[in-house]
Structures are given as structure tokens and as C-alpha cells.
Amino acid sequence: MNLTLRTALCLSLLMPLAGCPQGDDDDDSTDPVVDPCDGVTAVSGADVELESVGAGVDRPVDIQNAGDGSHRIFVVEQNGRIRYFRDGDNTARTWLDIGDLVTNVGGLGDETGFLAMAFHPDFGTNGKFYVHYDNNSEDTVIAEFTVDDPADGEPDVESQRIILEVGQPASNHNGGAIHFGPDGYLYIGLGDGGGAGDTFGNGQNPDTLLAKILRIDVDNPSDGREYGIPGDNPFIGEAPLDETYVWGLRNPWKWSFDRQTGAMWIADVGQNQLEEIDVASAGDNLGWPCREGFEAYDGCAGDFTDPVFEYGHSQGVSITGGYVYRGCTFTDLQGQYFFSDFTYAPSSPLWSITATGDVGDVWEGNVGILVATMGEDERGEILLGDYAAGEIFRMVPQ
Ligand SMILES: [Ca+2]
């Protein structure tokens, strides 16, 4: 399971080092009381290996932290539960079970079920978190739950407030990850609805919530909806749907924000040939199905934003997007985007690229597990979930 560090990454000036490994160059006026890197030994030039956080979870498809200082690691199980590991304790505990609300998941490769969760930025005080699942009709649901005692309690299933429902024409390409941005808005990634080659014509259709990253305000419902529209969303007054933030996606199973820069990194799962990584901004059209990766797919025309990276199906089959490393431990991995692919062959990859898609001086390793999701702990250390074995791992120095 050990990986080989090929060479250390020299950071460009565009991606300054996170403050935490050095510990003294943050803006003190906005620092939390406790430095999250206190007690962590930073290393440079170390090889990476994976260390088990805990096992005994079933089909992990999302890994999140609550950002509340508890250092708990929460795991979404595809069949409808949220489990968690307490800091330093490898016992998987059940936190929420919404299996009755979530469609029954079939065999390997089934894209339905409980897909993702996101903690409200004020979870520590308001106990609110958000989930993305496919209901018993296999339609998309985004819902809010509340736990009365965020530090120690368990949420009540009855606390559900459904925020958004979107009809799904097929069982695949349901999207996945949801995250709060640094602006406090909730972003939701949805796929093109399914089939193959954009069967339902949603990729370039501005009049559907599918095939997009949506941006909504869950704290201020308005206009008869369970959410509000941020006033600076890019298509207000232009496109039919004010929720649209980025469009032209095929299936953004995993995407994330760089916790330092706020950049949006999207891993868009490909059709039969190419997997792509995009760094997207408000209003970007990523081109599906006119384009896939840097190449023409349907060949239709438009004003499209190119990805930063693509790879072919000789190297993987379905990209599992990850996170830009901003942890406390590896000083020389700062700013690298780590990702994987849902396959064992030709390897079970853990790869990284730089912010500009450079693969010259980055990690490339075979971790030997089936990675459907990655995550970050509260310190920004990168986590990986083994879908097949139900175990969660952390990247640590060898
Ligand atoms: Ca679908």
C-alpha cells in the first residue's frame, strides 16, 4: 500500500502555501481560537501511505467533517445511513438512518441511493446539515435535517425539511456531492439525468436543473420555495433557471472547494473514453455533450470552458474527484488536487495534479482499494473510502 513520492512539488506563486504548517503567517484577526494544526508534526519530502481510520461501514459514498472542532469523521452509506467515527476511535457508530426514505440500491455500479451530505457552516450552533439522496421513486431529493445537540446528539428523521426535488428520467447520472461554499451558499451537483451520450438532451438545456452545479440559499427561503436565490447568481434574468451556477456537465459525482482559495474543482465522469477535471467559475459551460475532456463529442458549438486535465480509459473507468490538499502534515503537497478512479485495473489510483493540471511533479500511487469517495478531516488531511471493504483511510507520512 505504500506509495512512492516521485518528486516534491515546487509551488507556484499562484498557489501560496497554507498558513497552518508554518503556523505564524495567518491573519490573526480571523483565526479560530485554537490553531487546527496544533500538535501536528509537519513533514517535507515524506512518502505517503494510508492509515485506517476505521472499518465496518457499508458502501461509503461520501466522507465529511462537521467543522465543529469535534474531529468526528462522518460517512454516508449508499443504502441510507450516516455513520461516524469519533476522534481517535475506530468504532463506526450510526448517526442517522434514512433507509426508509432512500431507494434500495442494487449491485456494484448502481448510481442511486444516499449520495452525499454537507454540514451547515454554523452546524456547531444550529445543528443543521443537508443530504442528497434518491427517494423511493428514484428522484433526486435535497433535504435539511437538524440535530438538537450538535456535539453529542443524533438527528431525528422527523426533522427533515425537503429543500428541493428533481425528477430523474433514468437511474444513472444523478450527480452526487453537495457543499457549502465560502460564501455560505449550498452548491448541488446534478448529472444529465442518465442514459448514455446525453440521451435526454439535458447537457446544453438551460431549462432544467439537471447537468448543472446549482447554488441556493438554504437560510432564506423566498418566492414560495424552500430556498432563496443568491442575488449574484450568474444567470438571474438571463436563463430560465436562476439556480444555475455552472452548466454543461455529464455527471459531477464528486466535486469540491479548495478550502484555501475557494476554487471549485469538478470531476466530471466521462462517457466511454475520457475522464475530466474542471476548475470552474460562475457561469461556465463545461460543454457536455458537445465536448468531453478537451475533445469534441457531439461536436456541437458553443462557448465552452476547457477542463484542466483529462485521462483516457486505459488508465481508469470513472473518475472519483477529491480535494486540494491543505492539510497540516505534508508541507510539499500543499495545493495539489488529489483524486482517484473507481477501479482496480490497471491500478487503484491515488493521483494528484497541480492547479494548472500539471502532472509533472505530483503523486501517483496504487492504493489497492476501490475508491468511490474521498474526503477531508477538520485539519485538511485527505481521506479515502474503500467502497468494497467498507473502510476509511487517511493519507499519512510513511
Ligand atoms: Ca438519473
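Start at 1 and go down the list; that is how both ligands and their atoms are numbered.
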(request) Examine Gln168 and say whether one of its N/O/S atoms is closer to the Ca ion (ligand 1) than 3.0 Å. (result) yes

(message) Closer than 3.0 Å to the Ca ion (ligand 1): does that hold for any N, O or S atom in Gly191?
(response) no

(message) Looking at Gly293, is its backbone amide N or carbonyl O close enough to the side chain of Glu276 to form a donor-acceptor pair, meaning the two atoms are under 3.5 Å apart?
(response) yes

(request) Would you check if the Ca ion (ligand 1) lies under 3.0 Å from any N, O or S atom of Gly194? (result) no

(message) For the metal site, I want the angle between atom O of Gly193 and atom O of Asn172 with the Ca ion (ligand 1) at the apex, to 10°.
(response) 80°

(message) Would you say CG of Asp303 has more than 12 non-hydrogen atoms from neighbouring residues, nucleotides or ligands within 6.0 angstrom?
(response) no

(message) Can you check the angle at the Ca ion (ligand 1) formed by OD1 of Asn174 and O of Ala170? Round it to the nearest 10°.
(response) 110°

(message) Can you tell whether the side chains of Glu381 and Arg394 come within less than 4.0 Å, N to carboxylate O?
(response) no

(request) Assess the side chains of Asp183 and Tyr187: does a donor N or O sit below 3.5 Å from an acceptor N or O? (result) yes

(request) Using a strict 4.0 Å threshold on nitrogen-to-oxygen distance, state whether Arg81 and Asp58 make a salt bridge. (result) no

